[in-house]
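In what follows, a single structure is set out as structure tokens and then discussed.
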Amino acid sequence: MSDDVLLPYASRMSRRTLAGAALLVLAGALPLLAVALDQDWYLDGPLLVLLAIAGGYAAGAWLPREAAAAGCVGAVGALVLANQLHGATYHPVDDLVFFLAIVGGPAAAGAAVSLRAAQVARLERLQADLTAQQEVEVRAARVEEQVRVEQEVHARLAERIAAIAVLAEGAQRTPDNGVLPVIEGEARGVLDQLRGALGALSTESPPASEDQGAAADASEGAAPGVGVWDVALAAGLGAALAVECAVAPAARGPLWLNAVAAAVVAAPLVVRRSRPLLAVVAFSLAGVLMSAWLTPLPATVTGVALLLVVFYSVGAWCRRWWWVAGWALALAGSVVMDTVAGLDDDADSGDAAWIVVVLTVGAVAVGRVTAGWQERLRRTEVVVGELEVRAGAAVRLARAEERQALASRLHDTVAHAMTVVCLQAAGHQRAGSDPGPALRTIVDAAGTGLAELRDGLDAIETGANPLEGSRIAAVGRRMGVDLEVDSEVGSEVGEPDHPAGPAAGLAFRVVREAVVNVARHAPGASAHVHVRRVGPALEVEVADDGRGGLPVVTGAGRGLTGLRDTVVGGGGRLEWGPRADGGFSVRARIPEETP
């Protein structure tokens with residue numbers, strides 16, 4: 001965040017801190033000043049309570065936790081002292097509990113709102129972090145898709161181009177004008193296969209997500225259950241009410257019965273979050289019964305605190321517009337409690353009732369504010385969930401873009417080489433001249449295209465099993481070699497003996513090069529391919545029954561001679577030579593872990 005953003009933010013926070021501290025100081029200092037100036041209108045009026053509520057809320061919302069706690073304690077002490085010096089009829093403990101509720105309750109509410117705002121800001125930062133993480137995942141998916149497509153398409157094209165090179169080399173050694181139509185047809189087949197692959201890559205539509213309804217299901221949210229703090233709150237207020245019923249001037253009835261009634265009145269707070277309307281109804285009924293025959297609930301400080309918690313719960317936990325019904329039920333219950341308690345004869349009952357109304361309305365308002373933060377928090381969580389669910393769409397988009405780029409590269413590397421082959425083969429057939437120059441050009445073009453494709457294969461054959469029997473057999477079919485494949489390694493990803501990684505790719509290169517040599521030097525021969533795992537290494541053997549006697553090379557260092565350097569460099573060995581029966585064999589042992 002830049003300085004031009006941080007400085008105004010810090011200045012705004014500083015102003016809020018100063019304002020909160022000023023309100024809290026005024027809430028504690030003005031009552032003492034009113035006592036010194038004998039200003040009864042302030043001490044007996046609602047302004048004192050309103051300022052105490054405002055100061056407590058501002059302290060909780062805008063001051064650091066330690067400073068807010070210390071300031072609230074000081075303000076409560078000043079209010080109790082001022083009320084006692086003013087000649088209050090209540091016990092100092094009653095005043096202490098009352099002002100703790102008046103100041104501490106709003107302070108707790110302000111702290112809760114501030115904490116909720118911090119949680120929302122944190123989730124928004126997490127959302128930004130998740131977005132950045134998904135960008136990395138998209139880039140990774142792009143590379144993975146390139147690997148998969150290159151491995152599938154390049155392998156098939158490389159086999160066909162290798163077959164063209166073998167045919168052209170054979171025709172050079174044994175002049176055969178009939179091979180050019182075959183070469184031209186094979187090259188056109190490669191171009192057709194390339195066009196088909198490009199079309200599939202460019203037109204593949206992304207599959208529909210199966211999780212599209214997940215975000216909608218999550219948006220409803222789950223109702224909160226009963227928590228430890230709910231039980232602790234109910235138990236604490238119930239105990240406080242029982243103690244107050246033993247010392248309050250308005251207490252009446254047996255002490256044990258008041259203690260039981262206090263527990264019953266506070267018990268509904270356990271379900272105040274999960275079932276707020278039920279909590280309101282149960283609390284109101286219990287409070288009316290207690291106020292009618294035992295200690296009047298409105299005459300106790302704890303009773304007022306219970307009312308505040310109930311009204312706050314209505315505002316915070318009633319969904320949609322049900323909070324209006326909850327507020328009406330709670331207000332009706334408090335009015336009935338006041339009526340059956342017989343407190344209307346008290347001269348101060350009007351002011352007391354007015355203060356209770358202000359407090360309850362404020363509690364509902366704070367609850368609604370908190371509910372708004374909770375709703376925003378829930379929506380932010382839903383957005384994060386949707387980002388996770390919809391990550392597949394971004395990945396599919398990345399794959400589509402990579403298909404387009406890959407299609408262009410494949411066109412450049414393969415189409416040019418096969419076009420040259422087609423032109424040379426077709427041109428010689430029309431001219432009827434010596435096929436030697438055309439065949440040399442075809443061999444060069446096919447070799448160049450094959451080299452580029454094999455460069456790609458060498459880099460990407462690390463994922464799916466390249467030693468799967470059907471893939472090795474396909475190499476033989478392309479080369480015109482009858483292969484018998486005996487593969488003792490797993491063919492499916494996840495199988496215990498499934499080969500993967502550079503070792504499997506290198507082993508496949510050995511098999512492929514050996515089969516190419518069979519096609520080149522022993523045309524018409526059949527071969528046996530045996531693949532197995534021996535300890536921490538892969539062993540492959542390709543043996544043919546032909547009578548080829550030409551050198552085992554493919555030119556440009558890409559034959560078995562070039563592969564041997566790579567295999568030995570990886571800690572393995574590669575050997576070849578004639579067999580006793582006149583055939584030829586290639587054997588390799590390739591460690592699966594580089595030493």
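In this chain, residues are counted from 1 in sequence order. All values below come from the heavy atoms of this structure, side chains included, with hydrogens, waters and symmetry mates left out.
In this structure, Val265 and Phe283 have side chains that are in contact, with non-hydrogen atoms separated by less than 4.5 Å. Residues Leu331 and Phe311 have side chains in contact (heavy-atom distance under 4.5 Å, counting atoms from C-beta outward). Residues Cys245 and Met290 meet the side-chain proximity criterion, which asks for heavy atoms closer than 4.5 Å.
A distance of 11.0 Å separates CG of Asn83 from CG of Leu32, quoted to the nearest 0.5 Å. The CG atom of Leu96 sits 12.0 Å away from atom CG of Leu81, with the distance rounded to the nearest 0.5 Å. To the nearest 0.5 Å, atoms SG (Cys72) and OH (Tyr57) are separated by 13.0 Å. In this structure, Leu241 CG and Asn258 CG are separated by 8.0 Å, a value rounded to the nearest 0.5 Å. In this structure, CG in Leu257 is found 4.5 Å from CG in Leu294, a value given to the nearest 0.5 Å. The line from CG of Leu18 to CG of Leu23 is 11.0 Å long, rounded to the nearest 0.5 Å.
Closest approach of Ala52 and Leu79 over heavy atoms only: CB-CD1, 4.0 Å. The nearest pair of heavy atoms linking Gly56 to Leu24 is N-CD1, 4.2 Å. Of all non-hydrogen atoms in Gly20 and Trp62, the two that sit nearest each other are N-CE3, 3.7 Å. Here the shortest heavy-atom pairing between Ala59 and Ala68 reads O-CB, 3.3 Å. Minimum interatomic distance between Ala325 and Leu277 (heavy atoms only, all atoms of both residues): C-CD2, 4.4 Å. Here the closest non-hydrogen pair linking Leu255 and Ala246 is CD1-CB, 3.5 Å.
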Only pairs under 3.5 Å count here: list side-chain donor-acceptor contacts from residues 297-307, not counting sequence neighbours, and write none if there are none.
residue	atom	partner	partner atom	Å
Thr300	OG1	Leu297	O	2.8
Thr300	OG1	Gly303	N	2.9
Thr302	OG1	Glu244	OE1	2.6

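Checking side-chain atoms of Ser313 against main-chain N and O of Val309 turns up a donor-acceptor pair under 3.5 Å. Of the possible polar contacts, one joining the Thr295 side chain to the Arg252 backbone as a donor-acceptor pair under 3.5 Å is found.
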Please determine whether side chain to side chain contact (heavy atoms under 4.5 Å, CB included) holds for the pair Val310 and Leu269, giving the CA-CA distance in whole Å, both sets of side-chain angles, and the decisive distance to 0.1 Å. CA-CA 7 Å; Val310 169; Leu269 297 184; 3.8 Å; yes
Trace of the side chain to side chain contact (heavy atoms under 4.5 Å, CB included) decision for Val281 with Ser284: CA-CA 5 Å; Val281 172; Ser284 298; 5.9 Å; no
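Taking the side-chain contact (heavy atoms from CB on, under 4.5 Å) definition, one finds that Leu278 meets it with Arg275, sequence neighbours left out. Listed by chain and number, the residues in a side-chain contact (heavy atoms from CB on, under 4.5 Å) with Val288 are Val336, Met337, Val340 (sequence neighbours excluded).
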